[in-house]
Structures are given as C-alpha cells and as structure tokens.
Undergrad: 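Structure provided below as structure tokens; questions to follow.
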Amino acid sequence: MSVSESYDFDDVSVVMGTYNEEAAIESVLDSIDEATDGAAETVCVDGSSDRTAEIAREHGARVIEQEPQGYGVAVARALRAADRPVIVTTDCDGTYPMDALPEFLDAINGGADVVSGDRLYHGAATMPPFNRLGNHAFAVLASLLLGERVHDTTTGMRAYRQEVIEDIEWTENTGLSAELLVRPLARGYDVHETPIEYGERLGETTLDPLSGGKDIARSILTVGLEERRR
C-alpha cells in the first residue's frame, strides 16, 4: 500500500466491457463525465453488433474492439489498456452510481488499495431475487475460504491502485469480478467495501443466471483454494 500520492480524476481510468449496450452507454458515459468533471479517462472493450462502440467514441471514450469472448476477457483487456494510476471498473448497463466515484477516489487517497461497491448492503431491490440469493451465497463461500467477512463478491464497480492490477495474474472469465476481490484480499491488500445503491438495468442481460452462477461459484472455489495454497 502506498499513500504518498494524492490522486484526482486526471489520474483515473474508468473501464468496462461492453456488449450491445446502446440503450445505456450514453447515459453511463455522461454520468462519468458529470461525476469527474470530464477529467477521467474512459476505456470500453467492445464486441457489440449494435451502435455501442459508435456512441462511446462520440462521447470521447477510447474503444478497443474485439470478438466477444466473455465478460472476463473484455474487462481484463480494459484493465490492461488503462494507463492511469487509479482504475475503476463498472458495468455499462446503468445499474451503478457514478456519482459515488468521488467517494471511491477519497477512499483510495485515504490508503485503500481496492474499493469495492457493496450492492447488497441496501437490499439491491432492483436485482432479480434469484441473482440476489446467489450473490449472498457467493459472499458466504468467499468468506469461508478467506476467513474474513466478504459482503459482495461480484459487484462490477470497484476502484484499484494500478499496482494491484499489475501485480496479480488474473485467470478467470465469467468469474473475474469475484477473482478481482478474492485475490487482493487473500494477499493482504487493503480492501474497503463501501455500500452503493444498485439501479434498474437499461437493456437486456446476456448472462444466463444458472450457468453463470455455476461458473462464478467454481471461480470463487478455485481461486480461494489457490490462494490458500500460496
């Protein structure tokens, strides 16, 4: 952990994987600009067949196009493409509160290595009940493996010091969001979970909750056991 520097939004990259998000991309990018006074870099790794990439470029985002290969592949590419010292992940469906970005940056400046948005703290009423139940179960599994309380393993909104991203080899695809929390916690990084509101999704989801849930649970178990053996 390093607290020698104080960052502002000129030091922040906001990254996301996008896939057919033309219903939400404009409002998400506008919200990022509003929260950061237009100073944060935005990076989208896109495999869409609609106008997502075009709209993102029109709003000043850096767009990296690739064939659709899953959530983790896209987000990992976006993380590697970011070149600023603080990297924020988000989803491009309008569910995450970009007005919380100043709070996330304050926590990084206060010494946190990772700031993780806890969607479940306020109940996540807009989340489908099956998904909400699954996310509580994922948190219990991760907590047991790590030996400390984890509240939301699969949130898409987190802030990282760049060295955390660079220091860890990321291996998961569907389960990357959980891996991005579990490995830093297991390695002793200062991880701060902070409650966030979770909004109504704009557009249709492409993740099957059953197959996706099994993949995420497998990722948590695999990554957790790997870290315990380190």
Side-chain angles (χ1 to χ4, degrees), residues 1-18 21 24-45 55-56 58-63 75 78-127 135 149-167 176-177 180-181 184-185 189-202:
M1 181 184 68
S2 171
V3 294
S4 59
E5 293 185 73
S6 181
Y7 300 113
D8 58 30
F9 282 115
D10 289 312
D11 302 307
V12 173
S13 297
V14 181
V15 307
M16 63 196 84
T18 57
E21 301 283 5
I25 184 70
E26 184 172 7
S27 63
V28 171
L29 293 175
D30 283 346
S31 296
I32 293 169
D33 282 344
E34 183 176 350
T36 69
D37 293 324
E41 171 192 46
T42 51
V43 180
C44 302
V45 172
I55 296 168
E58 288 173 354
H59 282 72
R62 177 153 58 103
V63 177
V75 173
L79 289 166
R80 290 193 299 270
D83 56 10
R84 298 191 183 184
V86 179
I87 303 172
V88 177
T89 61
T90 188
D91 290 351
C92 190
D93 56 11
T95 55
Y96 289 99
M98 295 298 97
D99 58 3
L101 286 172
E103 179 185 353
F104 276 50
L105 184 58
D106 285 345
I108 291 288
N109 283 328
D113 296 309
V114 180
V115 184
S116 186
D118 176 7
R119 302 164 298 171
L120 304 176
Y121 182 89
H122 294 299
T126 59
M127 187 182 293
N135 281 313
R149 184 73 170 92
V150 178
H151 298 90
D152 188 357
T153 59
T154 59
T155 179
M157 186 175 180
R158 295 197 184 102
Y160 303 84
R161 293 179 183 269
Q162 189 182 52
E163 54 263 34
V164 177
I165 299 300
E166 293 175 344
D167 287 350
L176 180 68
S177 59
L180 283 164
L181 182 68
L185 275 170
Y189 285 103
D190 185 348
V191 177
H192 176 68
E193 287 192 276
T194 186
I196 58 171
E197 298 289 347
Y198 188 69
E200 195 77 43
R201 180 184 172 84
L202 301 176

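The chain is numbered in sequence order, starting from 1. Since we're looking at a predicted model, the values are computed, not measured.
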Undergrad: Run I196 and T155 through side chain to side chain contact (heavy atoms under 4.5 Å, CB included) and show every step you take.
TA: CA-CA 10 Å; I196 58 171; T155 179; 4.3 Å; yes
Undergrad: Give, for atom CE of M127 and atom CZ of R119, the distance between the pair rounded to the nearest 0.5 Å.
TA: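 One finds 4.0 Å between CE of M127 and CZ of R119.
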Undergrad: Measure the shortest side-chain to side-chain distance between T36 and V12 over non-hydrogen atoms and say whether it is less than 4.5 angstrom.
TA: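 No - every pair of side-chain heavy atoms lies 4.5 Å or more apart.
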Undergrad: Taking all non-hydrogen atoms of both residues into account, name the closest pair between I108 and R161 and its distance.
TA: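 Scanning both residues, the minimum pair turns out to be O-NH2, 2.6 Å.
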Undergrad: Could you state the interatomic distance from CG (L180) to CG (L185), rounded to the nearest 0.5 Å?
TA: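 It comes to 11.5 Å.
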Undergrad: What's the separation between atom CD1 in I165 and atom CZ in R80, rounded to the nearest 0.5 Å?
TA: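 With rounding to 0.5 Å, CD1 (I165) is 11.0 Å from CZ (R80).
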Undergrad: Restricting to non-hydrogen atoms, name the atom on A82 and the atom on E41 that form the minimum distance, rounded to 0.1 Å.
TA: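 Residues A82 and E41, closest heavy atoms: CA-OE1, 4.2 Å.
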Undergrad: Any ion pair linking R201 and D93 (charged N to carboxylate O, less than 4.0 Å)?
TA: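 Here D93 pairs with R201 in a salt bridge, since their nearest N and O are under 4.0 Å apart.
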Undergrad: So, taking the atom named CD in E197 and the one named OG1 in T126, what distance separates them when rounded to the nearest 0.5 Å?
TA: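 E197 atom CD to T126 atom OG1 measures 9.0 Å (nearest 0.5 Å).
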Undergrad: Any donor-acceptor pair under 3.5 Å linking the side-chain atoms of D167 with those of Y189?
TA: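 Checked: Y189/D167 side chains pair up, N/O donor to acceptor below 3.5 Å.
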Undergrad: Short question: side chain of Y96, backbone of G156 - any donor-acceptor pair under 3.5 Å?
TA: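 Flag set: sc Y96 to bb G156 pair under 3.5 Å.
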Undergrad: State the OH-OG distance between Y160 and S116, to the nearest 0.5 angstrom.
TA: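 If I round to the nearest 0.5 Å, the distance is 6.5 Å.
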Undergrad: Could you tell me whether the side chain of D118 reaches within less than 4.5 Å of the side chain of T194, counting heavy atoms only?
TA: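 With C-beta onward as the side chain, the pair stays apart.
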Undergrad: Using a 3.5 Å distance criterion without hydrogens, assess whether the side chain of R62 forms a donor-acceptor pair with backbone atoms of A81.
TA: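 Looks like yes, one N/O pair under 3.5 Å.
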Undergrad: Could you walk me through whether H59 and D33 pass side chain to side chain contact (heavy atoms under 4.5 Å, CB included), step by step?
TA: CA-CA 9 Å; H59 282 72; D33 282 344; 5.6 Å; no
Undergrad: Going through the checks in order, is the side chain to side chain contact (heavy atoms under 4.5 Å, CB included) test met by L120 and H151?
TA: CA-CA 7 Å; L120 304 176; H151 298 90; over 6 Å; no
Undergrad: Report yes if some heavy atom in the side chain of V114 is under 4.5 Å from a heavy atom in the side chain of D190; otherwise report no.
TA: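 When only atoms from C-beta onward are counted, D190 and V114 do not touch, as no gap falls below 4.5 Å.
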Undergrad: Where the side chain of S31 meets the backbone of P97, is there a donor-acceptor pair that is under 3.5 Å apart?
TA: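 No, S31 side chain to P97 backbone: no donor-acceptor pair under 3.5 Å.
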Undergrad: If you define the side chain from C-beta out and look only at heavy atoms, does anything of E193 sit under 4.5 Å from V115?
TA: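 E193 vs V115: side chains apart.
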Undergrad: Work out which heavy atom in A159 is nearest to a heavy atom in V88; give both atom names and the distance.
TA: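 Shortest heavy-atom separation between A159 and V88 comes out as CB-CG2, 3.9 Å.
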Undergrad: Minimum heavy-atom separation for A35 to L101, with atom names?
TA: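 So the minimum-distance heavy-atom pair works out to CB-CD1, 4.2 Å.
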Undergrad: Under a plain distance cut-off of 3.5 Å, with no hydrogens placed, do R158 and S177 share a side-chain donor-acceptor pair?
TA: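 Not at all, the side chains of S177 and R158 share no donor-acceptor pair under 3.5 Å.
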Undergrad: Can any side-chain N or O of D37 pair as donor or acceptor with the backbone N or O of A39 at less than 3.5 Å?
TA: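 No, D37 side chain to A39 backbone: no donor-acceptor pair under 3.5 Å.
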Undergrad: Test V150 against L181 for side chain to side chain contact (heavy atoms under 4.5 Å, CB included), laying out the working first.
TA: CA-CA 9 Å; V150 178; L181 182 68; 3.5 Å; yes
Undergrad: Under a 4.5 Å cut-off applied to non-hydrogen side-chain atoms, are D30 and V28 in contact?
TA: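 No - every pair of side-chain heavy atoms lies 4.5 Å or more apart.
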Undergrad: So, taking the atom named OG in S13 and the one named CD1 in I87, what distance separates them when rounded to the nearest 0.5 Å?
TA: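 It comes to 6.0 Å.
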Undergrad: Is there side-chain contact between L29 and T42, with heavy atoms separated by less than 4.5 Å?
TA: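 Heavy-atom side-chain distance check passes, below 4.5 Å.
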Undergrad: Is the side chain of D11 donor-acceptor paired with the backbone N or O of P85 at a distance under 3.5 Å, no angle test?
TA: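 Checking the backbone N and O of P85 against the side chain of D11, no donor-acceptor pair under 3.5 Å is found.
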Undergrad: Verify the neighbour count for atom CD of E34: are there more than 12 heavy atoms of other residues, nucleotides or ligands below 6.0 Å?
TA: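 Atom CD in E34 is not packed in, count stays at 12 or less.
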Undergrad: Is a side-chain donor-acceptor pair under 3.5 Å present for E200 with T95?
TA: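 E200 and T95 do not have a side-chain donor-acceptor pair below 3.5 Å.
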Undergrad: Return the minimal non-hydrogen interatomic distance between A56 and C44, and the atom names on each side.
TA: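 In terms of heavy atoms, the two residues are closest at CB-SG, 4.2 Å.
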Undergrad: L105 and Y7: which non-hydrogen atoms are nearest, and at how many Å?
TA: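 Minimum heavy-atom contact is CD2-O, 3.7 Å.
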